[in-house]
*Asks:* 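For reference, the structure I am asking about is given below.
Just follow the structure's listing: the first ligand is 1, and inside any ligand the first atom is 1.
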Amino acid sequence: LERTFSIIKPDATERNLTGAVNAVIEAAGLRIVAQKRIRMTRQQAETFYAVHKERPFFGELVDFMISAPVVVQVLEGENAIAKYREVMGATNPANAAEGTIRKQFAKSVGENSVHGSDAAETAAVEIAQFFSGNEIVG
Ligand code: GTP
Ligand code: MG
């Protein structure tokens, strides 16, 4: 079984959609094996999105990620990384397929409700940024 890292972003936690997002995750056959609600620090958000630091929207992205609590999660399942990307839908909700989390809940390309790792290497790094091994219970 594969693991991926997920974030339920501020636009979703603010609208009390944590359970609704989790229902879509679980209906897709992914198991939530670790989860905690945190307020991200600016440092954590800058580290997490460091790959985007030269992008014009970086400042806006970091400000958004620290604007309200987030729920960080580890999801486990067969092909969890690709499966969760499919369940999330396209980055821009205008392009997201019917039934996806972003189609149902996202407000805009920036405030798009969820994050999911894009590859095995990034999943490992992202999980390690927020969870220690004993917090993940498969
Ligand atoms: P993540 O799972 O969050 O990494 O989304 P993604 O992989 O679908 O998109 P990408 O890695 O390309 O971008 C990371 C995040 O930056 C997106 O999820 C958005 O929250 C944000 N983002 C991307 N493009 C824009 C943009 O044009 N404007 C703003 N404000 N934010 C953007
Ligand atoms: Mg990404």
*Asks:* Starting from atom 27 (O) of ligand 1, find the nearest protein heavy-atom neighbour and note its residue, name and distance.
*Replies:* Phe57 CD2, 3.8 Å
*Asks:* Hey, does the side chain of Lys107 reach the backbone of Ala12 with a donor-acceptor pair shorter than 3.5 angstrom?
*Replies:* no
*Asks:* Tell me whether ligand 1 is touched by Glu126 - counting only heavy atoms on the residue side and a distance under 4.0 Å.
*Replies:* no
*Asks:* Given Glu111, Met88, His52, which has its nearest heavy atom closest to atom 10 (P) of ligand 1?
*Replies:* His52
*Asks:* Please indicate whether any nitrogen or oxygen in Gly110 is less than 3.5 Å from any nitrogen or oxygen in ligand 1.
*Replies:* yes
*Asks:* Honestly, is Lys9 close enough over Phe105, meaning NZ or CZ under 6.0 Å from the six-membered ring centre and within 45° of the axis?
*Replies:* no
*Asks:* Would you check if the side chain of Arg102 reaches a backbone N or O of Ala96 as a donor-acceptor pair within less than 3.5 Å?
*Replies:* no
*Asks:* Could you list the atoms of ligand 1 found under 4.0 angstrom from a heavy atom of Arg102?
*Replies:* 1 (P), 2 (O), 3 (O), 5 (O), 8 (O), 18 (O)
*Asks:* What is the closest protein heavy atom to atom 6 (P) of ligand 1, and at what distance does it sit?
*Replies:* Thr91 OG1, 3.5 Å
*Asks:* If we ignore hydrogens and angles and just use 3.5 Å, is the side chain of Asn112 paired with the main-chain N or O of Thr91 as donor and acceptor?
*Replies:* yes
*Asks:* Tell me which protein heavy atom sits closest to atom 19 (C) of ligand 1, plus the residue, atom name and distance to 0.1 Å.
*Replies:* Val109 O, 3.2 Å
*Asks:* Short question: side chain of Glu135, backbone of Ser132 - any donor-acceptor pair under 3.5 Å?
*Replies:* yes
*Asks:* Is Asn112 in contact with ligand 1, taking contact as a heavy-atom separation below 4.0 Å?
*Replies:* yes
*Asks:* Considering both backbone and side-chain atoms of Arg55, is one of its nitrogen or oxygen atoms within less than 3.5 Å of a nitrogen or oxygen in ligand 1?
*Replies:* no
*Asks:* Identify the protein heavy atom lying closest to atom 4 (O) of ligand 1, giving its residue, its atom name and the separation to 0.1 Å.
*Replies:* His115 ND1, 3.1 Å
*Asks:* Provide the number and element of each atom of ligand 1 under 4.0 Å from a heavy atom of Glu60.
*Replies:* 30 (N)
*Asks:* Is there a heavy atom of Tyr49 sitting under 4.0 angstrom from any atom of ligand 1?
*Replies:* yes
*Asks:* Is the closest basic N to carboxylate O distance between Glu76 and Arg31 below 4.0 Å?
*Replies:* no
*Asks:* State yes or no: are the ring centers of Tyr84 and Phe5 separated by less than 6.0 Å?
*Replies:* no
*Asks:* Would you say Gly116 and ligand 1 have an N/O pair spaced under 3.5 Å apart?
*Replies:* yes
*Asks:* Are side-chain heavy atoms of Thr4 and Leu30 found at a separation under 4.5 Å?
*Replies:* no
*Asks:* Sub-3.5 Å donor-acceptor pair from the side chain of Arg15 to the main-chain atoms of Asp11, do we have one?
*Replies:* yes
*Asks:* Look at the side chain of Glu126 and the backbone N and O of Ala123, then say whether any donor-acceptor pair between them is shorter than 3.5 Å.
*Replies:* no
*Asks:* Is it the side chain, the backbone, both or neither of Met65 that has a heavy atom closer than 4.0 Å to ligand 1?
*Replies:* neither
*Asks:* Just jot down the ligand 1 atoms closer than 4.0 angstrom to any heavy atom of Leu61, in number order.
*Replies:* 16 (O), 20 (O), 21 (C)
*Asks:* Closer than 4.0 angstrom: is that true for some heavy atom of Arg85 and an atom of ligand 1?
*Replies:* yes
*Asks:* Have a look at ligand 1 and work out which part of Lys9, if any, has a heavy atom under 4.0 Å from it: side chain, backbone, both or neither.
*Replies:* side chain
*Asks:* Go through the steps for Ile81 and Asp118 under the test side-chain contact (heavy atoms from CB on, under 4.5 Å), then give the verdict.
*Replies:* CA-CA 7 Å; Ile81 296 167; Asp118 56 17; 5.9 Å; no
